[in-house]
Asks: 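Here it is, the structure in full.
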Amino acid sequence: MYCERVLSGMRPTGALHLGHYHGVLANWTRLQHEYPCLFFVADWHALTTQYDDPRHIQKNIIDMVVDWLAAGVDPAQAILFVQSHVPEHAEFHLLLSMMTPLAWLERVPTYKDQQEKLSGKDLTTYGFLGYPLLQAADILIYRASKVPVGEDQIPHVEFSREIARRFNYLFGREPDFEEKTREAIRKMGSKKARHYEELRVRYQQEGEREAIDQAHALLDDVQHLSVADRERLFGYLEGSGKMILAEPDALLTEASKMPGLDGQKMSKSYANTIALREAPDSVAKKIRAMPTDPARVRRSDPGDPQKCPVWQLHQIYSDDACRAWVKQGCHDAGIGCLECKQPVIDGILQELAPMRERAQYYEADVNLVRNILAEGSEKARDMARETMRDVREAMGVALD
Ligand code: TRP
Ligand code: SF4
């Protein structure tokens, strides 16, 4: 019914590193050739946790998008935009909030987790509780069918599915709605089913308001109905007849295999990163300073690559022949650690060279980036407006 559309967002955290590249951006650059893609900066989401210090958000947006472009995300293929440039997200978030049970938000696992993790900050705010609903608005407003995210974000995509489903039950219909509804009516038992049908006809043909009140009372009285069936039966009474929002699927992005300089996962909070725009001499310096197998105190001491974080980087940047050379040379102290690190330095520099070049092009004229985002935001807005027309109509919020 809807064409496949990929959408993903990132909070503006500033300059990105190799972990982001291997985890997310390489995936985006692949997807942009396969599907219509929308990639956006979730700047309002950043405010949910940084509301007390928002000064860096603007600069972080530009820095992050320069890195997207540097990594090969192509504005001729994908639509790049900023969440706050498409204010329809906020209107949609508001309208969805009317039908979102508080309990659904409270039980999203990231709510309690993040509050505990960022315990120095008051996150008992309205905005933070609504984080997943804002994300649902981001996704559903483009009727995106695929949402590439890491594992931590799966509950948010699940939540978006539930919101879409609830919206459709309340204000529209699913494709096999008739069939499922007939099945649900049968489950009521023949007497109540007949009564239900009568009341529905009275409401739909004669417009009798009391008929619908009676039907609601009748449904409240029926036991053993699933929530879904109950919503179908409520929806069928009023029957608007259209599936308005698409249920998105998460497209699980495999966790980045990129190890950091200390062998732990590469992450800003571990201070073990190499930035996508790291200067070549800084890359070399960082790799040369990496810890190695502690057994290799002197050049003549043999070592074991399994005990060395540099070996993990060889898994990413070296070929079989090089790895065989490392194994042998490490075990029999045939090579020194600095020698061993050189192919890794070369591999990283080779990977980063085209990124640096593209980044320099955009750094030289930041307006290029602003224009890409302005154009992308216009395109995104057209799509968002289309959905909002249907949403307003379905919810009975006229805007003419
Ligand atoms: N919450 C996501 C994150 O922290 C960012 C995000 C916001 C997002 N809106 C989205 C991701 C919509 C995918 C789709 O990574
Ligand atoms: Fe690590 Fe290479 Fe030194 Fe062995 S030779 S300890 S693998 S850096």
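If you read the sequence from its start, that first residue is 1, and numbering goes on from there. Order of appearance sets the numbers: ligands from 1, and atoms from 1 within every ligand.
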Asks: Mark up the atoms of ligand 1 that fall under 4.0 Å of a heavy atom belonging to Gln153, in ascending order.
Replies: 1 (N), 2 (C), 3 (C), 4 (O), 15 (O)
Asks: Does ligand 1 come near enough to His156 that some N or O of the ligand is less than 3.5 Å from an N or O of the residue?
Replies: no
Asks: Can you confirm if the NZ or CZ of Arg5 lies within 45° of the ring axis of Tyr35 and under 6.0 Å from the centre of its six-membered ring?
Replies: no
Asks: With the side chain counted from C-beta on, respond yes when Pro343 and Tyr317 share a heavy-atom pair under 4.5 Å apart, and no when they do not.
Replies: no
Asks: Is the closest side-chain heavy-atom distance between Met10 and Val41 below 4.5 Å?
Replies: no
Asks: Under 3.5 Å, is there a donor on one side chain and an acceptor on the other for Asp262 and Gln264?
Replies: yes
Asks: Apply side-chain contact (heavy atoms from CB on, under 4.5 Å) to Glu158 and list each qualifying residue two or more places apart in sequence or on a separate chain.
Replies: Arg161, Glu162
Asks: How many angstroms lie between CD in Gln83 and CD in Glu88, if you round to the nearest 0.5 Å?
Replies: 12.5 Å
Asks: Which residue from Val24, Val147, Asp43, Val157 reaches closest to atom 14 (C) of ligand 1 through any of its heavy atoms?
Replies: Val147
Asks: What are the atoms of ligand 1, with element, lying closer than 4.0 Å to any heavy atom of Ala42?
Replies: 7 (C)
Asks: So for ligand 1, is Ser8 a polar contact partner (N or O within less than 3.5 Å, distance only)?
Replies: no
Asks: Could you pull out, from Met10, Arg11, His45, the option with a heavy atom nearest to atom 7 (C) of ligand 1?
Replies: His45
Asks: Please examine the side chains of Pro291 and Pro309, heavy atoms only from C-beta on, and report whether any two atoms are closer than 4.5 Å.
Replies: yes
Asks: Identify, for atom 8 (C) of ligand 1, the protein heavy atom at the shortest distance, and state residue, atom and that distance.
Replies: Gln135 NE2, 3.5 Å
Asks: Quick one: list whatever passes ring pair (Phe, Tyr, Trp, His ring centres under 6.0 Å) with Tyr21, sequence neighbours left out.
Replies: none
Asks: Considering only non-hydrogen protein atoms, determine which one is nearest to atom 9 (N) of ligand 1 and report residue, atom name and distance to 0.1 Å.
Replies: Asp138 OD2, 2.7 Å
Asks: How far is atom 5 (C) of ligand 1 from the closest protein heavy atom, and which atom is that?
Replies: Gly9 O, 3.6 Å
Asks: Report the distance from atom CG of Leu123 to atom CZ of Phe128, rounding to the nearest 0.5 Å.
Replies: 5.0 Å
Asks: I need the atoms of ligand 1 closer than 4.0 Å to a non-hydrogen atom of Tyr131, numbered in the order shown.
Replies: 1 (N), 2 (C), 3 (C), 4 (O)
Asks: How many protein atoms of type N/O/S are positioned less than 2.8 Å from atom 2 (Fe) of ligand 2?
Replies: 1
Asks: Can you name the ring pair (Phe, Tyr, Trp, His ring centres under 6.0 Å) partners of Trp311, sequence neighbours left out?
Replies: none
Asks: Heavy-atom contacts with Ile139 under 4.0 Å: which atoms of ligand 1 show up? List them by number with element.
Replies: 12 (C), 14 (C)
Asks: Quick check: are there more than 12 heavy atoms from other residues, nucleotides or ligands sitting under 6.0 Å from NE2 of His224?
Replies: no
